[in-house]
Amino acid sequence: VNKQLSTTLEDSKGNLWLGGSSGGIDVVNVAKNKIATLTTDNGLAYNFVQNVMEVNGKIWIATNSGFNIYDPVAKSIMTIGKEQGLVNDTIYGMHGDVRGNTWFVGPGLGINRIDSTRSKIERAGSQEGLSDDAIIDIRSDKQGNIWVANQFKGVDVIDPVNGTVR
């Protein structure tokens, strides 16, 4: 694999997922010494991969054109973007919280959260109490609080149980 990497993941089966700023994402099966590549040619939304994570055995791939959910068993790719309710198609980061929700951040318009039942996409931004709509990263702590790194105004902490931001 020869690419400028932007994200990596070792999945539950021991495969290495290597995403870059071009060329999609390479999947290295270490046990079999094989490499497969997912690109726009075989269903990836965009070849610039920003982030990758595993959720219930499926691989979620954040790109500059929404995110993909890759099912390695069915070998299928689903795309979710602005048309399906995301605030922005460009996704810098994804994070799964302790409640099974998945959070997405990007260059503007706040954050998105897909609830644990995967039935709806919710949005939060400066109108809902965040310091800034330009979010660059997201993490959670052991108490389940969501820490949001803003591009220009520091860090916000969201308490998803009470719906508060500090």
Side-chain angles (χ1 to χ4, degrees), residues 4-21 25-28 30 44-46 48-72 77-82 84-166:
Q4 182 179 2
L5 294 178
S6 55
T7 188
T8 61
L9 168 74
E10 181 178 3
D11 70 18
S12 58
K13 299 205 182 323
N15 297 307
L16 299 177
W17 295 76
L18 310 172
S21 58
I25 191 163
D26 295 314
V27 186
V28 181
V30 178
L44 199 63
Y46 199 79
F48 188 154
V49 175
Q50 298 270 14
N51 207 316
V52 62
M53 65 186 264
E54 184 173 6
V55 178
N56 299 324
K58 295 181 181 173
I59 306 301
W60 291 39
I61 305 165
T63 75
N64 280 6
S65 190
F67 73 93
N68 295 110
I69 300 175
Y70 176 71
D71 183 338
I77 299 176
M78 181 172 68
T79 300
I80 297 176
K82 242 179 145 171
Q84 290 76 28
L86 289 182
V87 172
N88 195 324
D89 275 334
T90 299
I91 299 170
Y92 292 161
M94 301 182 293
H95 180 71
D97 71 17
V98 295
R99 293 170 188 82
N101 300 308
T102 305
W103 300 74
F104 300 89
V105 299
L109 304 175
I111 60 175
N112 283 122
R113 180 183 78 138
I114 296 180
D115 70 343
S116 59
T117 64
R118 307 286 182 247
S119 63
K120 64 180 175 177
I121 298 174
E122 298 174 318
R123 179 206 175 276
S126 57
Q127 291 183 335
E128 291 76 28
L130 293 178
S131 300
D132 192 358
D133 284 329
I135 312 296
I136 56 172
D137 204 6
I138 189 166
R139 296 284 181 257
S140 59
D141 61 25
K142 291 178 183 176
Q143 291 75 39
N145 294 312
I146 305 298
W147 293 71
V148 179
N150 299 300
Q151 187 169 2
F152 302 108
K153 296 184 179 177
V155 176
D156 292 316
V157 181
I158 301 170
D159 179 339
V161 174
N162 297 320
T164 58
V165 178
R166 56 183 159 91

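Model, not experiment: these values are computed from the prediction.
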Side-chain donor-acceptor pairs under 3.5 Å in residues 91-98, sequence neighbours left out?
unit_1, atom_1, unit_2, atom_2, d
H95, NE2, S140, N, 3.2
H95, NE2, S140, OG, 2.7
D97, OD1, R99, N, 2.9
D97, OD1, G100, N, 3.1
D97, OD1, N101, N, 2.9
D97, OD2, N101, ND2, 3.2
D97, OD2, W103, NE1, 2.9

Exercise. Please round to the nearest 0.5 Å and tell me the distance separating atom CD1 of I114 and atom CD1 of I121.
Key: 4.5 Å
Quiz item: If every non-hydrogen atom of G85 is compared with every non-hydrogen atom of N112, which pair is closest and at what distance?
Solution: O-ND2, 4.0 Å
Exercise. With sequence neighbours excluded, tell me which residues meet salt bridge (charged side-chain N to carboxylate O under 4.0 Å, His left out) with R139.
Key: D137
Quiz item: Do any pairs count as a salt bridge (charged side-chain N to carboxylate O under 4.0 Å, His left out) and have a residue in residues 153-166, sequence neighbours left out, and if so which ones?
Solution: none
Quiz item: Got a second to check how far I25's CD1 is from T63's OG1, nearest 0.5 Å?
Solution: 10.5 Å
Quiz item: Considering only heavy atoms from C-beta outward, does the side chain of V27 approach that of L16 to under 4.5 Å?
Solution: no
Self-check item: Closest non-hydrogen atom pair, P107 against T90
Solution: CD-O, 3.4 Å
Quiz item: Checking S6 side chain against V49 main chain: does a donor-acceptor pair fall under 3.5 Å?
Solution: yes
Quiz prompt | Residue pairs fulfilling ring pair (Phe, Tyr, Trp, His ring centres under 6.0 Å) with at least one residue in residues 142-166, sequence neighbours excluded | solution = none
Self-check item: Those residues that, when tested against K142, pass salt bridge (charged side-chain N to carboxylate O under 4.0 Å, His left out) (two or more places apart)
Solution: none
Quiz item: Is there a donor-acceptor pair under 3.5 Å between the side chain of N68 and the backbone N or O of Y70?
Solution: no
Self-check item: Value rounded to 0.5 Å, distance of NZ in K120 from CG in D115
Solution: 6.0 Å
Self-check item: Nearest non-hydrogen partners of N15 and W17, listed with the distance
Solution: O-CD1, 3.7 Å
Quiz item: Can you name the closest pair of heavy atoms from S65 and T79 and give their distance?
Solution: O-CG2, 4.3 Å
Exercise. Give the minimum heavy-atom separation between R123 and V87, together with the two atoms involved.
Key: CG-CG2, 3.2 Å
Exercise. Looking only at non-hydrogen atoms, find the nearest pair between L130 and I111 and report the distance.
Key: CD1-CG1, 4.2 Å
Exercise. Go through the steps for I146 and V157 under the test side chain to side chain contact (heavy atoms under 4.5 Å, CB included), then give the verdict.
Key: CA-CA 6 Å; I146 305 298; V157 181; over 6 Å; no
Quiz item: Can you tell me if D89 uses its side chain to pair, donor with acceptor, with the backbone of K82 under 3.5 Å?
Solution: yes
Show every donor-acceptor pair shorter than 3.5 Å between a side-chain atom in residues 52-61 and any protein atom, with sequence neighbours excluded, or say none if there are none.
unit_1, atom_1, unit_2, atom_2, d
E54, OE1, S12, N, 2.7
E54, OE2, S12, OG, 2.7

